[in-house]
Trainee: 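Have a look at this one.
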Amino acid sequence: MNRRDRLRELDLLRFAAAMAVVLYHFTGFGGSGPWPEPAREVFPGLGEVTRYGYLGVDLFFMISGFVILMSAWDRGPGEFGISRVTRLMPAYWASVLLGAAVYLVFGLGKGVPGLVVPNLTMLQAGLGLRNVDAVYWTLWIELHFYFLVALLAARGITYRSCLAFMAAWLLLGVFADEAENKFLQVMLVPTWSPYFIAGMALYLVHRFGPTLLLWGYVAAAWLLATHWAAWRTDVAFQGADETAAAAAVAGIFLVMILVATGRLAWLRWRGLTVLGALTYPLYLTHSQIALPLLDRAYPALDRWTALALVTAVSLLAAYAMYRLVERPGQAWLRRRLRDSLAALRSAPERERPAKRADGAPPAVPAPRPADADLVGTAGRPGGAG
């Protein structure tokens with residue numbers, strides 16, 4: 001199966017994950033949102049199911065582990081960086097500006113001028129600033145993963161180096177949590193890393209075939225992911241049932257195993273590519289679109305009609321962003337970043353000393369003594385003078 005076909009399978013899973021998050025925000029969220037009351041109170045029956053839609057993010061991260069390793073294979077850190085910047089930034093910038101427009105025109109949301117500029121960098125979480133849209137927190141986690149993969153790409157991505165990388169990341173993450181080492185916890189994101197590690201291991205299963213060692217990585221990541229999913233039911237998503245969360249995590253791992261082993265190879269519909277293209281802009285914009293829309297449509301419309309309306313508009317807006325922003329923006333950005341990378345690679349050639357007119361090699365300065373920089377004013381190495 002070629003890469004294009006494999007991506008079609010993952011496109012369906014990405015879209016399903018995005019819709020799970022959308023339904024969570026529109027019908028299962030228990031806090032302040034686009035409805036006058038918490039969404040779970042507007043849809044009490046449905047909300048008891050869609051309250052677990054936040055686990056769509058867990059599926060996103062596992063897909064990311066699979067896809068990012070696939071895209072980074074046989075690439076250096078420069079090419080990998082270009083692929084990530086062009087994939088993420090055009091739609092992200094547009095979503096931040098959308099948040100600013102919603103705040104400016106309707107007075108809703110968090111798109112205040114003081115937050116918009118730092119949010120455009122995607123580094124606001126590291127600066128201790130709020131996100132214009134709450135969903136941006138996942139992009140900050142993704143950036144941690146991209147940085148680590150860039151280091152792996154600089155070392156050289158091979159089957160062997162991936163195994164060492166995954167083992168080190170998994171164990172160091174556990175050690176960081178045990179030691180309560182803040183720096184390592186920030187760098188290694190141990191509460192989310194099991195999904196990325198499992199996705200990478202499953203890509204190796206797909207590429208090289210299953211082995212007991214690779215299944216061991218998947219099993220270890222599953223156990224850690226289950227632990228952290230249960231932990232989040234007491235911390236970030238209070239009231240969610242630990243057993244239900246654990247079952248959802250097991251389902252995420254199962255469906256990704258089916259992908260890696262070719263059990264979903266019957267999925268060939270070309271429309272899956274379109275659904276996959278909608279995923280990222282839908283994820284980024286649905287909350288911002290819902291704020292002014294539901295503020296005016298509900299309760300003038302009944303809750304189900306209003307839900308259908310806001311979901312349909314969110315999908316249409318995602319498609320418009322894909323066609324009008326992402327595709328041209330990615331093409332424009334990719335060309336210029338590749339030109340920049342080419343200029344960087346040719347810089348050493350330009351910086352070499354020019355040959356002398358008489359054909360002799362350029363003069364080379366005489367070497368300094370090894371301890372020249374350590375001689376103090378008293379004339380002895382390391383002297384205080």
Trainee: Does the ring center of Y136 lie less than 6.0 Å from the ring center of Y92?
Mentor: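 Yes, they do, as the ring centres are separated by less than 6.0 Å.
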Trainee: Take the angle between the ring planes of W231 and W228 and call it parallel below 30°, perpendicular above 60°, tilted in between.
Mentor: perpendicular
Trainee: Tell me if a side-chain donor or acceptor on W93 pairs with a main-chain N or O of L88 at a distance below 3.5 Å.
Mentor: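 No; judged by distance alone, with no hydrogens or angles, the pair does not exist.
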Trainee: Hey, does T285 have a side-chain heavy atom less than 4.5 Å from the side chain of S314?
Mentor: no
Trainee: Tell me which pairs pass ring-ring contact (aromatic ring centres under 6.0 Å, His included) where either residue lies in residues 148-184, with sequence neighbours left out.
Mentor: F145-W169, Y159-F208, F165-W169
Trainee: Between H144 and F196 (judged by ring centroids, cut-off 6.0 Å), do the two rings come close enough to count as a pair?
Mentor: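 Centroid separation for H144 and F196: 6.0 Å or greater.
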Trainee: Looking only at non-hydrogen atoms, find the nearest pair between Q185 and A176 and report the distance.
Mentor: NE2-O, 3.6 Å
Trainee: Are F106 and L104 connected in the hydrophobic side-chain network, where two residues link if heavy atoms are under 4.5 Å apart?
Mentor: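 They do not share one cluster, since no chain of ILVMFWY contacts under 4.5 Å joins F106 to L104.
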Trainee: Checking Q288 side chain against A101 main chain: does a donor-acceptor pair fall under 3.5 Å?
Mentor: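 Not at all, since once roles are kept as given, no pair shorter than 3.5 Å links the two residues.
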Trainee: Looking at CD1 of I82 and CG of L341, how far apart are the two atoms once the value is rounded to the nearest 0.5 Å?
Mentor: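 Rounded to the nearest 0.5 Å, the CD1-CG separation comes to 4.5 Å.
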Trainee: Looking at every heavy atom in both E326 and A277, which two are closest together, and how far apart are they?
Mentor: OE1-O, 3.7 Å
Trainee: Hey, quick one: are I289 and V325 part of the same hydrophobic cluster, counting side-chain heavy atoms closer than 4.5 Å, chains of contacts allowed?
Mentor: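 Unlinked, I289 and V325 end up in two clusters.
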Trainee: I want to check something: taking the side chain as every heavy atom from C-beta on, are L272 and E9 in contact at a cut-off of under 4.5 Å?
Mentor: no
Trainee: Could you see if W332 belongs to whatever hydrophobic cluster contains V85? Use Ile, Leu, Val, Met, Phe, Trp, Tyr and a side-chain cutoff under 4.5 Å.
Mentor: yes
Trainee: Quick check for you: to the nearest 0.5 Å, what is the distance between D177 atom CG and T191 atom OG1?
Mentor: 8.5 Å
Trainee: Pair F60, Y283 - check ring pair (Phe, Tyr, Trp, His ring centres under 6.0 Å), show working.
Mentor: CA-CA 11 Å; F60 272 135; Y283 180 77; 5.4 Å; yes
Trainee: Could you list the residues that satisfy salt bridge (Lys or Arg N to Asp or Glu O under 4.0 Å) with R84, not counting sequence neighbours?
Mentor: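 Scan of R84 (salt bridge (Lys or Arg N to Asp or Glu O under 4.0 Å), adjacent residues dropped) gives none.
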Trainee: Is R263 reaching over with its side chain to a backbone N or O of V259, donor-acceptor style, under 3.5 angstrom?
Mentor: no
Trainee: Restricting to non-hydrogen atoms, name the atom on C162 and the atom on L69 that form the minimum distance, rounded to 0.1 Å.
Mentor: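 Heavy-atom minimum between the residues: SG-CD1, 3.8 Å.
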Trainee: Please confirm whether the backbone N or O of G156 pairs with a side-chain atom of S161, one donor and one acceptor, at under 3.5 Å?
Mentor: yes
Trainee: Report yes if some heavy atom in the side chain of V149 is under 4.5 Å from a heavy atom in the side chain of F80; otherwise report no.
Mentor: yes
Trainee: Can F26 and W35 be said to form a ring pair (Phe, Tyr, Trp, His ring centres under 6.0 Å), step by step?
Mentor: CA-CA 8 Å; F26 288 174; W35 303 90; 7.6 Å; no
Trainee: Testing the basics here: between T311 and M19, what is the closest heavy-atom pair and its distance to 0.1 Å?
Mentor: CG2-CE, 4.2 Å
Trainee: Can S64 and Y146 be said to form a side-chain contact (heavy atoms from CB on, under 4.5 Å), step by step?
Mentor: CA-CA 10 Å; S64 182; Y146 297 164; 4.3 Å; yes
Trainee: Would you kindly confirm whether L316 and L275 end up in one hydrophobic cluster when ILVMFWY residues are joined by side chain heavy atoms under 4.5 Å apart?
Mentor: no
Trainee: Is there side-chain contact between L224 and V174, with at least one heavy-atom pair below 4.5 Å?
Mentor: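 Yes - at least one pair of side-chain heavy atoms lies under 4.5 Å apart.
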Trainee: Do W137 and W140 have their ring centres less than 6.0 Å from each other?
Mentor: no
Trainee: Do M321 and V105 belong to the same hydrophobic cluster, where Ile, Leu, Val, Met, Phe, Trp and Tyr are linked whenever their side-chain heavy atoms lie under 4.5 Å apart, directly or via other members?
Mentor: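 They do not share one cluster, since no chain of ILVMFWY contacts under 4.5 Å joins M321 to V105.
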Trainee: Hey, are the side chains of F66 and M200 touching, using non-hydrogen atoms and a 4.5 Å cut-off?
Mentor: no
Trainee: For the side chain of W215 and the backbone of P210, is there at least one donor-acceptor N/O pair under 3.5 Å apart?
Mentor: no
Trainee: Between the side chains of D339 and R334, is the shortest nitrogen-to-carboxylate-oxygen separation below 4.0 Å, so that they form an ion pair?
Mentor: no
Trainee: Donor-acceptor pair, distance only, cut-off 3.5 Å: does the side chain of T305 make one with the backbone of L301?
Mentor: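 Not confirmed, T305 side chain does not pair with L301 backbone.
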Trainee: Run through the side-chain heavy atoms of Ile, Leu, Val, Met, Phe, Trp and Tyr, join any pair under 4.5 Å, and report what else lands in V117's cluster.
Mentor: none
Trainee: Write out all pairs satisfying salt bridge (Lys or Arg N to Asp or Glu O under 4.0 Å) with one or both partners inside residues 19-46, taking only residues at least two apart or from two chains.
Mentor: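 As it turns out, there is no salt bridge (Lys or Arg N to Asp or Glu O under 4.0 Å) pair with a partner in residues 19-46 once direct neighbours are skipped.
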Trainee: So, taking the atom named CG in L202 and the one named CZ in R207, what distance separates them when rounded to the nearest 0.5 Å?
Mentor: 15.0 Å
Trainee: Distance check, rounded to the nearest 0.5 Å: W192 atom CH2 versus I141 atom CD1?
Mentor: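 Output value for this atom pair is 7.5 Å.
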Trainee: Decide, yes or no, whether a salt bridge links R338 with E79 under the criterion of side-chain N to carboxylate O below 4.0 Å.
Mentor: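 So R338 does not pair with E79 through a salt bridge.
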Trainee: Using modelled atom types and a 3.5 Å cut-off, is there a donor and acceptor pairing between side-chain atoms of H286 and backbone atoms of L282?
Mentor: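 Answer holds: yes.
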Trainee: Which atom names give the shortest non-hydrogen contact between T158 and W73, and what distance separates them?
Mentor: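 Minimum heavy-atom separation between T158 and W73: C-CH2, 3.8 Å.
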Trainee: Evaluate side-chain contact (heavy atoms from CB on, under 4.5 Å) for L23 paired with L46, printing each intermediate quantity in order.
Mentor: CA-CA 9 Å; L23 290 176; L46 179 61; 5.6 Å; no
Trainee: Taking atom types as modelled, find out whether T27 and T50 have a side-chain donor-acceptor pair closer than 3.5 angstrom.
Mentor: yes
Trainee: Quick check: closest heavy atoms across I197 and M166, and the distance to 0.1 Å?
Mentor: O-SD, 3.7 Å
Trainee: Are side-chain heavy atoms of Y54 and H25 found at a separation under 4.5 Å?
Mentor: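 No, side chains not in contact.
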Trainee: A quick test of your reading: do over 12 heavy atoms of other residues, nucleotides or ligands sit less than 6.0 Å from CZ of R296?
Mentor: yes
Trainee: Working note: D58 + R232, criterion salt bridge (Lys or Arg N to Asp or Glu O under 4.0 Å); need CA distance, chi angles, decisive distance, verdict.
Mentor: CA-CA 12 Å; D58 301 48; R232 277 189 285 274; 3.6 Å; yes
Trainee: Main chain of Y298, side chain of R303: is a donor-acceptor contact present, judged purely on distance under 3.5 Å?
Mentor: no
Trainee: Counting only N and O atoms by type, is there a donor-acceptor contact under 3.5 Å from the side chain of N119 to the main-chain atoms of L115?
Mentor: yes
Trainee: Could you check if a side-chain atom of L264 sits within less than 4.5 angstrom of a side-chain atom of V255, using non-hydrogen atoms only?
Mentor: yes
Trainee: Which pairs pass salt bridge (Lys or Arg N to Asp or Glu O under 4.0 Å) with one or both residues in residues 128-141, sequence neighbours excluded?
Mentor: none
Trainee: Could you please spell out the steps behind the side-chain contact (heavy atoms from CB on, under 4.5 Å) verdict for M256 and V218?
Mentor: CA-CA 10 Å; M256 286 299 295; V218 175; over 6 Å; no
Trainee: Rounded to the nearest 0.5 Å, what separation is found between the CZ atom of R335 and the CD atom of Q330?
Mentor: 12.0 Å
Trainee: For Y217 and L163: C-alpha separation, side-chain torsions, deciding distance, then whether side-chain contact (heavy atoms from CB on, under 4.5 Å) applies.
Mentor: CA-CA 9 Å; Y217 278 99; L163 293 180; 3.6 Å; yes
Trainee: Just how far is it from atom NZ of K110 to atom CG of L129, taken to the nearest 0.5 Å?
Mentor: 12.5 Å
Trainee: Can you confirm whether V67 sits close enough to Y203 that some side-chain heavy atom of one is under 4.5 Å from a side-chain heavy atom of the other?
Mentor: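 No, side chains not in contact.
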Trainee: Could you tell me which residues satisfy salt bridge (Lys or Arg N to Asp or Glu O under 4.0 Å) with E142, sequence neighbours excluded, listed by chain and number?
Mentor: none
Trainee: Looking at D11 and R14, is there a salt bridge between them, counting it only when a charged N and a carboxylate O are closer than 4.0 Å?
Mentor: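 Looking at R14 and D11, the cut-off is met.
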